[in-house]
*Asks:* 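Dropping a structure here in structure tokens format, bear with me for questions.
Convention: sequence-line order gives letters A, B, ...; per-chain numbering from 1.
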Amino acid sequence: MLTIHLSIVVFLPLAAALLAALLPARVGRWLVVGAMAGVLGYAIAMIADYEAGTAGLKYVTDDNWISELGVRYQLGVDGLNLFLIALTALLWVPSTLWGAARISERPKLFLFHMALAETAVLGAFCAQDLALFVVFFDLMLVPFYFLVGQWGGGDRVRATTKLLIYTLVGSLLMLAGAIALGVLSAGGGDISFSFAVLEQRTLGEGTQQWIFCLFAAAFLVKAPLFPFHGWVVDTYRATPTPVLVVLSAVVSKVGVYGFLRIVLPILPDASAYFQDLMLVLAVFSILYGSVLAFSQEEPRLVVAYSSIAQLGFIVLGIFSLTDLGSQGALMQMVNHGLVVAPLFFIIAALSARAAGPATLEQMGGMALRAPVLAALFLVVTFATLAMPGSPNFVGEILILFGAFDDKFVYGAVGILGVVLAAVYMLRIFQRSMHNRAGPGVKPAELGSLELAAILPVAAVVVALGVYPQLVLDRTERATTTKVAPALTAAGASDSEISEAK
Amino acid sequence: MIELAQVVQAPKIDYQGLAPLFSTIGGSLAVLMIGLFRGRFVQRTLVPAVAALALLVAMGMTIANWEAGDSRPIIEGALAIDTLALFMSMLFYVTGLATVALSLRSDVQREVGAGEYMALLLGAISGMVVLAGAENMVTLFVGFELLSIPLYVLSAGYVRRAHSLEAGLKYLVVGSVGSATLLYGLALLYGATGSTDFRAMAIAIGDTVAVTDPLLLTGVALAATGLAFKASVAPFHQWTPDVYEGAPTPITSFMAVATKVAAFAVTLRLFDYALSDAQVQWGPALAALATVTIVIGNAGAIAQSSLKRMLAWSGVAQAGYLLAGVVVGTQLGLQATAFYLAAYLFMNVAAFAVVIACERVSEHGDGIESLRDLGRASPLLAWPMTIAMLALAGFPATAGFIGKFYLIEAVVAGDYAWLGIVIVVGSMISLVYYLRVIAVMWMGRFEVELPSFPPRRVKAVAGRSPEADARAQPEVASVAILAAAATIFFGIVPSPLFDLVSDVGTSFGGLV
């Protein structure tokens with residue numbers, strides 16, 4: 001058993017960036033990337049050290065932060081966040097590398113915001129105290145606001161303002177919900193926001209329900225799910241590639257992670273009460289995202305809408321309120337992050353080679369001239385459409401098993417999503433790789449930077465496809481315990497209904 | 001004669017407790033005298049230095065007087081010190097010091113005369129200290145007027161500008177109406193409770209006076225209205241944007257911070273101490289006022305293109321958040337309000353300092369355009385402004401976040417959970433205008449090559465200050481940076497401030 005100080009893991013990027021601000025840009029750049037690689041090293045060590053079937057938290061840090069408010073500085077790792085931390089650590093390295101190499105305008109500031117973003121995301125994943133989670137969750141928005149607004153393209157100020165307002169409206173509602181949860185569950189006693197304490201305390205059903213709505217607002221916007229996705233199109237268009245990679249691959253997972261970490265175990269009755277509503281939203285997102293993904297001309301938007309569909313899948317898994325479903329959801333969070341990241345890098349590479357604006361119209365005919373690019377793209381495409389042998393296949397099948405278990409209709413509609421995914425992913429692949437090359441297309445093989453960004457992540461996708469047990473074994477205990485209270489609550493209300501009949 | 005001396009006992013006076021007040025009043029007189037001497041050194045260095053010294057001495061003595069627990073009379077029956085009064089006094093002194101620094105190069109000092117300017121400033125601070133320590137309604141009113149009158153004069157500081165004169169006059173008229181209303185309310189409260197003393201009032205209410213007594217409630221309503229004028233709580237806020245815009249910016253910043261702190265200090269004492277037993281009666285009414293204030297303040301700020309007006313409206317909204325802490329009438333609410341006041345000080349001083357620095361060099365004056373591309377031109381000013389805006393909007397890792405967290409926790413615990421949602425909704429609306437400031441500073445077009453900003457040296461233009469160079473105004477930049485640093489520091493390590501605030505919570509013995 002290793003001793004790992006999670007505070008170091010969380011704050012290493014930020015510390016490096018602050019130090020780098022004092023150094024010349026050339027040196028500082030490597031310092032920041034190095035620190036992020038260090039975090040990745042820590043993450044790998046954690047996975048290696050984490051024995052399958054471990055229950056409870058490891059590497060716990062627990063200190064008083066604001067004792068007057070009952071807020072503790074509590075960090076910990078269990079099966080639920082282990083792989084999400086690893087995903088964060090993995091994807092931030094190529095993104096930052098890409099940004100460091102390609103962004104010449106105010107590079108130090110860019111690196112600072114990237115590092116702050118990584119710290120905030122890691123903090124949100126590691127936090128074991130609700131207030132601390134909220135702090136990191138909201139803090140996350142600040143660097144992204146600047147990253148999109150300063151280095152974005154097109155109508156970036158509008159896009160970033162929209163992104164921030166949408167997500168912060170959700171977050172602020174969650175802030176109110178979190179405080180209400182802490183205060184009301186204490187019932188006049190000592191206020192605590194610790195997840196472990198909150199899971200033990202009980203709340204009336206009515207209170208649970210309105211607090212649930214506040215949390216759901218934050219998490220559904222962040223994910224995003226239909227109909228909370230108003231910010232998506234502008235943001236995906238305007239965001240610079242390295243930022244979009246982490247935004248889409250990692251940040252969107254914080255929202256759905258919140259459901260598993262906070263909502264199901266702490267508000268079980270409300271979760272059971274709103275189960276059908278959430279499933280309907282999930283299924284709508286799957287259909288809506290898939291259909292729109294099929295009709296987009298901009299590859300970025302294809303991925304944007306496919307993400308909405310994928311997150312619909314994840315929520316479907318979580319709110320099936322079954323062990324299998326939530327385990328599949330967690331697996332799928334990791335998978336989606338792993339495939340979306342290379343997809344965006346590939347799209348950036350394609351756009352650089354396209355004749356004019358980055359639309360499918362302007363691409364094509366790349367496969368023969370750039371076989372490595374095509375091969376990597378194919379791997380990622382197959383993974384996205386959940387081809388058997390890919391980790392996504394495992395994730396989606398678990399989610400569907402979970403859904404079919406009790407909620408057959410939703411599962412049946414969900415299957416449609418799998419079919420549609422094949423359609424839109426193959427479409428984008430064919431149009432960009434196989435069609436006749438457009439007039440101005442400059443087919444060229446991947447450069448070293450592009451290769452360095454894409455290849456390792458694609459390799460992880462293949463590896464997980466071969467050995468998904470790496471994730472499943474380590475997450476099973478955690479997801480089962482988190483779902484159990486809601487599962488019981490749902491079972492109780494079901495039996496009430498059958499008795500009434 | 002001898003008999004008379006035995007009957008009329010001179011009040012017991014605690015000179016040590018009174019020392020900070022002596023220091024500010026004495027300083028005020030001293031700078032007035034020193035200011036009579038002409039000469040660059042006296043006017044520009046000596047007078048501000050003496051004023052700053054007076055404030056520092058007052059601060060030191062306040063720290064020496066700090067003692068948690070019950071209140072200790074300094075002039076029996078009139079003035080007392082408890083931790084609430086001391087804490088608020090510290091906030092006044094800090095704001096005063098910042099104002100002295102921000103006024104150093106302001107041309108308003110030359111127009112009014114440095115001595116008079118500083119004397120009025122110190123006079124207003126003395127009034128605030130009296131107000132914060134008032135033990136009865138008479139002292140309260142004396143302090144109230146002592147703080148108001150110098151500010152009427154100061155906001156008309158640019159004696160040759162119609163704008164500034166208008167601000168002064170408007171403030172005078174509205175302020176007088178507010179004072180009159182307050183006085184009327186206090187008179188009715190005296191009529192209802194039969195005492196001007198806060199402690200006696202607190203004992204009488206609910207005991208000999210019913211909480212539904214119409215005389216009492218009318219008095220409460222009128223007193224609340226009078227204080228609402230001063231704290232710019234809606235719907236008594238209309239003067240705020242105009243006066244803030246017209247007044248010299250250092251004075252605007254002083255009014256925005258110190259006056260609001262003073263108004264809330266006395267509101268806390270009057271409502272959460274003297275009238276605390278009638279909380280069931282005034283609680284819902286103040287909650288409604290808070291809601292209206294939050295909505296109107298935030299909505300009003302959206303349309304503003306002048307930074308001073310925008311900050312004025314934002315100040316109205318912040319007053320609404322603060323009022324929410326008063327509403328619940330609990331110890332937690334008192335502490336949360338005190339904490340937020342401190343956070344409010346740092347956030348606003350940082351923002352106003354940057355506005356002052358930019359308005360002196362920009363042709364746009366205090367328009368939002370004066371900040372365009374500040375992030376490139378002068379990061380040392382852009383960062384404090386960014387931090388101030390994020391903090392005012394309530395982003396984590398700033399004192400503004402902790403303050404809002406504390407306030408929401410207090411209102412939820414005080415059975416006003418819906419008010420917590422109102423605070424949150426207000427913060428959402430506020431994003432629109434706070435973020436616009438940040439976007440202007442950082443997200444301008446890159447294509448345009450800017451001239452290096454600020455220009456090394458700007459010639460005196462008609463009506464502009466000659467030292468129009470941000471690098472030549474290090475004191476303004478350092479105020480901004482220090483205040484922003486404090487905002488971040490107390491956002492990450494709030495415990496020192498919490499320790500002070502929990503001492504403040506012990507001020508009113510009866511609170512739950």
Side-chain angles (χ1 to χ4, degrees), chain A residues 21 64-71 104-106 109 113 116 119-120 123 131-132 134-142 145-146 148-152 156-158 160-161 164-184 186 188 191 193 207 210-211 214, chain B residues 332 335-336 339 375-376 379 383 386-387 390 393-398 401-402 404-415 417-432 434-436 438-446 491-495 497-499 501-502 505:
Chain A
N64 255 327
W65 182 31
I66 316 176
S67 48
E68 289 84 353
L69 298 181
V71 178
S104 53
E105 183 66 42
R106 294 191 242 186
L109 204 53
H113 284 305
L116 178 61
T119 291
L132 193 64
V134 173
V135 165
F136 282 122
F137 191 85
D138 288 357
L139 186 62
M140 210 151 64
L141 292 170
V142 179
Y145 173 67
F146 284 102
V148 178
Q150 282 185 266
W151 291 276
R156 57 173 190 270
V157 177
R158 197 180 114 89
T160 197
T161 309
L164 193 72
I165 290 186
Y166 256 93
T167 39
L168 202 64
V169 163
S171 307
L172 285 169
L173 288 175
M174 177 174 75
L175 171 67
I179 297 172
L181 187 58
V183 174
L184 296 177
I191 294 170
F193 291 98
T207 318
W210 67 263
I211 294 179
L214 297 178
Chain B
L332 200 60
Q335 291 171 2
F339 187 96
R376 285 191 124 195
W383 275 111
T386 308
I387 291 167
L390 292 176
F395 273 90
T398 65
F401 175 83
I402 309 269
K404 247 174 215 160
F405 195 105
Y406 208 169
L407 276 176
I408 298 176
E409 191 166 309
V411 293
V412 172
D415 284 336
W418 61 269
L419 206 50
I421 305 275
V422 172
I423 294 178
V424 160
V425 171
S427 311
M428 288 174 196
I429 308 173
S430 73
L431 288 175
V432 177
Y434 292 133
L435 291 184
R436 200 170 49 211
I438 298 178
V440 165
M441 285 190 293
W442 294 99
M443 297 168 194
R445 306 205 150 278
F446 292 145
I492 297 170
V493 192
S495 337
L497 201 49
F498 267 108
D499 291 343
V501 163
S502 61

*Asks:* Between Tyr406(B) and Ile66(A), is a side chain to side chain contact (heavy atoms under 4.5 Å, CB included) present by the stated rule, with each step listed?
*Replies:* CA-CA 10 Å; Tyr406(B) 208 169; Ile66(A) 316 176; over 6 Å; no
*Asks:* Should the heavy atoms of other residues, nucleotides or ligands under 6.0 Å from CG of Asp415(B) be counted, would the total exceed 12?
*Replies:*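 No, CG of Asp415(B) has 12 or fewer neighbouring heavy atoms, counting only those of other groups under 6.0 Å.
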*Asks:* Does the gap between the ring centers of Phe193(A) and Phe405(B) come in under 6.0 Å?
*Replies:*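 That pair passes the under 6.0 Å test.
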*Asks:* Between Trp151(A) and Met443(B), is the side chain to side chain contact (heavy atoms under 4.5 Å, CB included) condition met? List the steps.
*Replies:* CA-CA 8 Å; Trp151(A) 291 276; Met443(B) 297 168 194; over 6 Å; no
*Asks:* Taking side chain as C-beta onward, heavy atoms only, is Ile191(A) less than 4.5 Å from Glu409(B)?
*Replies:*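 The answer is yes, as the side chains (C-beta and beyond) meet within the 4.5 Å cut-off.
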*Asks:* Does some side-chain heavy atom of Gln335(B) sit less than 4.5 Å from a side-chain heavy atom of Glu68(A)?
*Replies:*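 Of all side-chain heavy-atom pairs linking Gln335(B) with Glu68(A), none is under 4.5 Å.
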*Asks:* Looking only at heavy atoms, what is the nearest atom pair of Gln150(A) and Trp442(B), with distance?
*Replies:*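 Result for this residue pair: CG-O, 3.5 Å.
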*Asks:* Sequence neighbours excluded, which residues qualify as side-chain contact (heavy atoms from CB on, under 4.5 Å) partners of Ala120(A)?
*Replies:*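 Checked Ala120(A) against side-chain contact (heavy atoms from CB on, under 4.5 Å); matches are Leu139(A), Met140(A).
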*Asks:* How long is the span from the OH atom in Tyr145(A) to the CG atom in Leu435(B), to the nearest 0.5 Å?
*Replies:*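 Between atom OH of Tyr145(A) and atom CG of Leu435(B) there are 4.0 Å.
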*Asks:* In a table with atom names and distances, give each donor-acceptor pair under 3.5 Å that connects a side chain of residues 167-181 of chain A to protein atoms at least two apart or in another chain.
*Replies:*
from: Thr167(A); atom 1: OG1; to: Leu163(A); atom 2: O; distance (Å): 2.5
from: Thr167(A); atom 1: OG1; to: Leu164(A); atom 2: O; distance (Å): 3.3
from: Ser171(A); atom 1: OG; to: Asp138(A); atom 2: OD1; distance (Å): 3.3
from: Ser171(A); atom 1: OG; to: Thr167(A); atom 2: O; distance (Å): 2.9

*Asks:* Using side-chain heavy atoms (C-beta onward) and a distance below 4.5 Å, is Thr161(A) in contact with Leu431(B)?
*Replies:*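 No, every pair of side-chain atoms sits at 4.5 Å or beyond.
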*Asks:* Given that the side chain runs from C-beta out, which part of Phe136(A) has a heavy atom under 4.5 Å from chain B: side chain, backbone, both or neither?
*Replies:*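 Neither the backbone nor the side chain of Phe136(A) comes within 4.5 Å of chain B.
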*Asks:* For the candidates Ile492(B), Val411(B), Thr386(B), which exhibits the highest count of non-hydrogen atom pairs separated by less than 4.5 Å from chain A?
*Replies:*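 Most heavy-atom pairs within the cutoff with chain A belong to Ile492(B).
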*Asks:* Using only atom types and a distance under 3.5 Å, with no angle test, would you say the side chain of Trp65(A) pairs donor to acceptor with the backbone of Ser495(B)?
*Replies:*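 Looks like no, no N/O pair under 3.5 Å.
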*Asks:* Rounded to the nearest 0.5 Å, what separates atom CZ in Phe339(B) from atom CG in Leu69(A)?
*Replies:*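 Spacing of CZ (Phe339(B)) from CG (Leu69(A)) equals 8.0 Å.
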*Asks:* Is Ile408(B) in contact with chain A via its backbone, its side chain, both, or neither, using a 4.5 Å heavy-atom distance?
*Replies:*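 Its backbone and side chain both get close to chain A.
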*Asks:* Could you tell me which portion of Phe146(A) (side chain, backbone, both or neither) has an atom closer than 4.5 angstrom to a non-hydrogen atom of chain B?
*Replies:*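 Phe146(A) touches chain B through backbone and side-chain heavy atoms alike.
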*Asks:* Measure distances from Ile423(B) to the heavy atoms of chain A and classify the residue's part below 4.5 Å as side chain, backbone, both or neither.
*Replies:*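 Contact with chain A involves no heavy atom of Ile423(B) at all.
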*Asks:* Heavy-atom cut-off 4.5 Å, strictly under: side chain, backbone, both or neither for Phe498(B) against chain A?
*Replies:*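 Both parts, backbone and side chain.
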*Asks:* With heavy-atom distances below 4.5 Å as the criterion, would you say the side chains of Leu141(A) and Phe395(B) are in contact?
*Replies:*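 Yes, their side chains come closer than 4.5 Å.
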